[in-house]
Trainee: 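Below is a structure I'd like to ask you about.
Model, not experiment: these values are computed from the prediction. Reminder, nothing fancy here: chain letters follow the sequence lines and each chain counts from 1.
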2 protein chains.
Amino acid sequence: MQKYSRKREAIMDALREVKVHPTAEWVYARLKPDYPDLSLATVYRNLKAFVDSGEVNMVGVVEDKARYDADTYPHAHFICEHCGAVVDVYLPQDNGINAMAEDAVGGKVQRQEILFRGLCENCLERE
Amino acid sequence: MQKYSRKREAIMDALREVKVHPTAEWVYARLKPDYPDLSLATVYRNLKAFVDSGEVNMVGVVEDKARYDADTYPHAHFICEHCGAVVDVYLPQDNGINAMAEDAVGGKVQRQEILFRGLCENCLERE
DNA sequence: CCTTTTTTGATATTGATTATCGTTATCATT
DNA sequence: AATGATAACGATAATCAATATCAAAAAAGG
């Protein structure tokens with residue numbers, strides 16, 4: 001099994017090197033200088049492929065734009081309603097709420113998403 | 001005090017009478033027979049107004065369509081990845097995690113969203 | 001090299017949601 | 001009942017992130 005295309009790897013690298021949980025546009029702008037013939041379609045295409053394969057998670061949609069995270073270790077997120085920042089929140093491991101949800105629904109939980117919305121430290125001070 | 005328009009109330013009633021967490025289109029289709037001159041714009045407009053005022057929550061986006069919930073009592077949701085169903089999950093009032101998130105971020109949590117994704121009972125059986 | 005399979009760039013299109021704008025309904029007050 | 005101020009409306013155009021399309025370029029695998 002060999003490596004994949006250079007651009008696909010560059011997209012993954014771009015995701016991994018930052019903690020801002022970028023948008024597709026952000027990734028495109030970040031890589032365009034180094035890959036002048038990169039197309040936005042390629043960014044969307046590969047982000048979707050990564051999400052489908054589980055290598056990347058889509059954290060949520062903030063201001064109509066999807067935000068991505070290459071850190072697949074289970075963790076929650078905080079979204080600032082003022083500036084749109086998305087921040088990692090590592091909570092102590094599993095309280096068994098998955099099992100509770102499965103009991104309540106009768107189905108199988110595959111993924112759990114915990115999201116906090118509010119004001120981040122910076123935006124709180126500027127009020 | 002001012003009263004609400006008939007259509008606005010019908011939209012709220014439509015939301016309240018079902019547990020499916022409808023889309024805007026669903027509400028429109030549900031009311032159109034009784035309100036033949038109802039416009040889809042009115043549904044979107046009022047749903048947005050309800051969300052802005054806090055009377056209705058937008059649970060999430062499933063298959064690109066926003067899903068609404070008129071039950072403002074805090075609770076989690078389960079989304080079936082197969083059929084798109086959105087189901088209420090009432091977890092025990094467990095609110096240590098807001099404080100944990102605030103500690104981690106240094107900001108103020110205003111809202112907490114817990115979402116489970118997986119397969120519902122029906123879709124699980126049909127596999 | 002050569003062939004097959006992937007991936008890509010460019011661009012058109014989709015589709016949910018929002019904005020616009022001229023009209024209509026509502027309601028308290030004449 | 002008529003008025004006027006304002007809220008709400010219908011119709012439809014605009015927006016914009018995301019997807020589909022397809023011929024061309026790059027990678028894989030001999």
Trainee: Starting at atom OH of Y44(B), determine the distance to atom P of dA14(D), rounded to an integer number of angstrom.
Mentor: 19 Å
Trainee: Between E25(A) and K65(A), does any side-chain N to carboxylate O distance fall below 4.0 Å?
Mentor: no
Trainee: Can you tell me how far P of dT17(C) sits from CG of N46(B), to the nearest Å?
Mentor: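 It works out to 15 Å between those atoms.
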Trainee: Starting the side chain at C-beta, find the nucleotide from dA10(C), dA8(D), dC9(D) nearest to A41(A).
Mentor: dA10(C)
Trainee: Let me know the distance between NZ of K65(B) and P of dG15(C), rounded to the nearest Å.
Mentor: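 K65(B) atom NZ is separated from dG15(C) atom P by 10 Å.
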Trainee: Counting only side-chain heavy atoms from C-beta out, which of dA18(D), dT12(D), dA8(D) sits nearest to S5(B)?
Mentor: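 Nearest to the side-chain atoms of S5(B), counting from C-beta on, is dA8(D).
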Trainee: Between dT7(C), dT8(C), dT17(C), spot the one nearest the side chain of Y4(A), thanks.
Mentor: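 For the Y4(A) side chain, the nearest candidate turns out to be dT7(C).
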Trainee: Quick check on DNA chain D: between D64(B) and L38(B), whose nearest nucleotide comes earlier from the 5' end?
Mentor: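 Comparing both residues, the 5'-ward one is L38(B).
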Trainee: Could you tell me how far apart E63(B) (CD) and dA18(D) (C1') are, to the nearest whole angstrom?
Mentor: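 After rounding, the reported distance stands at 16 Å.
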Trainee: Strictly below 4.0 Å, N to O, side chains only: are D69(A) and R16(A) in salt-bridge contact?
Mentor: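 No salt bridge links D69(A) with R16(A).
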Trainee: Could you tell me whether H75(B) atom NE2 has more than 12 heavy atoms of other residues or ligands within 6.0 Å of it?
Mentor: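 Counting other residues, nucleotides and ligands, NE2 of H75(B) exceeds 12 neighbours.
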Trainee: Would D13(B) and R8(B) count as a salt bridge (Lys or Arg N to Asp or Glu O under 4.0 Å) if you check the C-alpha gap in whole Å, the side-chain angles of each, and the deciding distance to 0.1 Å?
Mentor: CA-CA 9 Å; D13(B) 290 344; R8(B) 177 172 301 178; over 6 Å; no
Trainee: Could you check how far CZ of R45(A) sits from C1' of dA17(D), rounded to whole Å?
Mentor: 16 Å
Trainee: Can you measure Y35(A) atom OH to dG9(C) atom C1' for me and round it to whole angstrom units?
Mentor: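 Those two atoms, OH and C1', are 16 Å apart.
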Trainee: Of the listed nucleotides (dT19(D), dT7(C), dG9(C)), which one gets closest to any side-chain atom of S39(A)?
Mentor: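 From the listed options, dG9(C) comes nearest.
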Trainee: Would you mind telling me which residue lines up with the more 5' stretch of DNA chain D, V61(A) or R8(B), judged by nearest nucleotide?
Mentor: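 The answer here is R8(B).
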Trainee: How long is the span from the CD atom in E81(B) to the CD atom in E63(B), to the nearest 0.5 Å?
Mentor: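 So the gap between those two atoms works out to 9.0 Å.
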Trainee: Would you mind reading off the distance between R6(A) atom CZ and dA25(D) atom C1', rounded to a whole angstrom?
Mentor: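 To the nearest whole Å, that distance equals 14 Å.
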Trainee: Distance check needed: dA27(D) C1' versus E9(A) CD, whole Å only.
Mentor: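 These atoms are roughly 12 Å apart.
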